[in-house]
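Naming: A, B, ... by sequence-line order, numbering from 1 per chain.
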2 protein chains.
Amino acid sequence: MALTAESITTTALSILSQYGLGDLSMRRLARELDVQPSALYWHVKDKQSLLILISRSLKAEVDALCPATADPLAAAMSLREVLLKYRDGAEIVLLGYSIAPTDVAPQALGADRLGAELSHGILTLTLGAVAVEQNRMIFDVDAAEAAENFAANAARLLRSSRRLP
Amino acid sequence: MALTAESITTTALSILSQYGLGDLSMRRLARELDVQPSALYWHVKDKQSLLILISRSLKAEVDALCPATADPLAAAMSLREVLLKYRDGAEIVLLGYSIAPTDVAPQALGADRLGAELSHGILTLTLGAVAVEQNRMIFDVDAAEAAENFAANAARLLRSSRRLP
DNA sequence: ACCTGAACACCGTTCAAGT
DNA sequence: ACCTGAACACCGTTCAAGT
């Protein structure tokens with residue numbers, strides 16, 4: 001199968017969901033694709049830009065689950081679910097969102113929908129909370145009630161947009 | 001000067017504020033301290049536990065600025081300031097908070113003070129937002145109004161604890 | 001107790017050279 | 001256009017051996 005940016009991304013996603021970011025090296029990726037490490041650099045600028053491709057792919061997954069008009073709290077919960085599918089998903093998307101915000105923010109949580117400020121708030125809360133949650137899974141620190149806890153804090157933040165007294 | 005966990009942490013902090021996490025390697029640290037890399041492992045279990053020592057040191061810095069009774073919003077702003085002093089401070093403390101929550105959460109933002117749920121909310125929001133902010137500084141993506149933006153979202157979250165109608 | 005020296009098993013990236 | 005092979009400059013960690 002022809003090596004493309006897409007096939008590289010797909011393979012990266014599969015390494016990620018099985019083993020996590022620690023095992024996602026360019027060399028490991030090349031081995032899995034039966035090419036030399038240097039071959040990857042013809043299709044992808046460097047590792048960081050691969051991580052951005054991954055972030056965009058996760059955004060697309062969330063968009064497929066949640067139309068642009070979806071309830072923001074539901075969209076935040078979907079984003080969390082998608083991030084959890086891939087070990088260290090939150091850490092990667094945090095990087096992607098830092099560098100290419102508009103490309104990575106799900107439609108239902110974008111600045112167009114919620115305003116720049118609240119959009120940034122709910123995204124950084126989600127990425128921070130899920131990054132912590134995923135770290136805890138790895139080092140198995142207790143993370144019971146992570147879902148409810150996150151839902152409650154996301155709701156607090158989003159609810160505040162309906163003006164207070 | 002005698003090599004200790006403390007002197008290693010101090011040197012790490014100085015590398016961090018000057019160069020960032022990318023340059024904070026055990027080998028680089030050893031060079032700076034004029035010892036062999038292997039010498040570090042007598043004082044510190046591994047790199048991860050060094051990152052936790054660093055997280056605790058930043059917590060102490062925040063506590064020195066904010067007593068346990070400080071206003072939570074002011075404490076969140078102080079935490080942000082301390083994180084910003086060290087390149088990638090947020091990323092490191094996010095890891096530290098994941099593994100040793102009670103050791104790393106500043107007093108004024110701890111579960112004792114705000115309740116487990118809101119404490120976790122404000123901490124993950126802060127760590128997520130500052131991690132994004134620091135990444136943007138590195139790749140110089142526009143991050144104007146980062147402070148005001150963060151303050152607004154932190155206030156939204158914290159304000160919600162005074163029950164709504 | 002504390003540190004050195006050498007080794008093991010890795011990294012990301014570049015670049016001439018091949019096809 | 002697309003890939004190989006070899007190289008460069010690194011990593012974290014372990015462990016026998018020295019003092």
Quiz item: Any side-chain donor-acceptor pair under 3.5 Å between B:Tyr41 and B:Gln36?
Solution: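 On atom types as modelled, these side chains do not qualify, holding no pair under 3.5 Å.
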
Exercise. Write down the distance separating the C1' atoms in C:dC2 and D:dA16, rounded off to the nearest Å.
Key: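 Roughly 15 Å separates the two C1' atoms.
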
Quiz item: When you look at CE of A:Met137, are more than 12 heavy atoms from neighbouring residues, nucleotides or ligands closer to it than 6.0 Å?
Solution: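 No.
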
Exercise. Please check if atom CD in A:Gln48 has more than 12 non-hydrogen atoms from other residues, nucleotides or ligands closer than 6.0 Å.
Key: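 Yes - once you tally the heavy atoms of other residues, nucleotides and ligands closer than 6.0 Å, there are more than 12.
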
Nucleotide [N], atom [atom2] - distance to [atom1] of [X] in whole Å:
X	N	atom1	atom2	result
B:Leu33	C:dT4	CG	P	11 Å
B:Arg31	C:dT4	CZ	P	15 Å
A:Arg28	C:dG12	CZ	P	12 Å
A:Leu29	C:dG12	CG	P	9 Å
A:Leu21	C:dC10	CG	C1'	16 Å

Nearest heavy-atom neighbours spanning [X] and [Y]:
X	Y	value
A:Ala108	A:Pro67	CB-O, 3.5 Å
A:Arg113	A:Gln107	CB-O, 3.9 Å
A:Val62	A:Pro106	CG1-CB, 3.7 Å
A:Phe150	A:Ala76	CE2-O, 3.9 Å

Practice problem: List in numerical order all residues of residues 40-50 of chain A for which some heavy atom is under 4.0 Å away from an atom belonging to DNA chain C. | Solution: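 By residue number: A:Tyr41, A:Asp46, A:Lys47.
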
Quiz prompt | Distance-only donor-acceptor test, A:Ser38 side-chain atoms vs D:dG5 base atoms, 3.5 Å | solution =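 Pair found.
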
Quiz item: Where the side chain of B:Asp140 meets the backbone of B:Arg136, is there a donor-acceptor pair that is under 3.5 Å apart?
Solution: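 Absent.
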
Quiz prompt | Per B:Gln36 side chain, nearest of listed nucleotides C:dG5, C:dC11, D:dC11 | solution =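 The nucleotide sitting nearest to the side chain is C:dG5.
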
Self-check item: Of the listed nucleotides D:dC3, D:dA7, D:dT13, the one nearest the side chain of A:Arg27
Solution: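 Shortest atom-to-atom distance from the side chain points to D:dA7.
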
Practice problem: Could you tell me whether B:Arg28 and B:Glu32 have a side-chain N and a carboxylate O separated by less than 4.0 Å? | Solution: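 Salt bridge present between B:Arg28 and B:Glu32.
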
Quiz item: Nearest nucleotide by nearest heavy atom, which residue falls closer to the 5' end of DNA chain C, A:Met26 or A:Ala39?
Solution: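 By nearest-heavy-atom nucleotide position, the 5'-most residue is A:Met26.
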
Practice problem: Dot-bracket for DNA chain D, please, read 5' to 3', with Watson-Crick or G-U wobble pairs under 3.5 Å on both distances, ( ) within the strand, [ ] crossing, | other strand, . unpaired. | Solution: ||.|||||...|||||.||

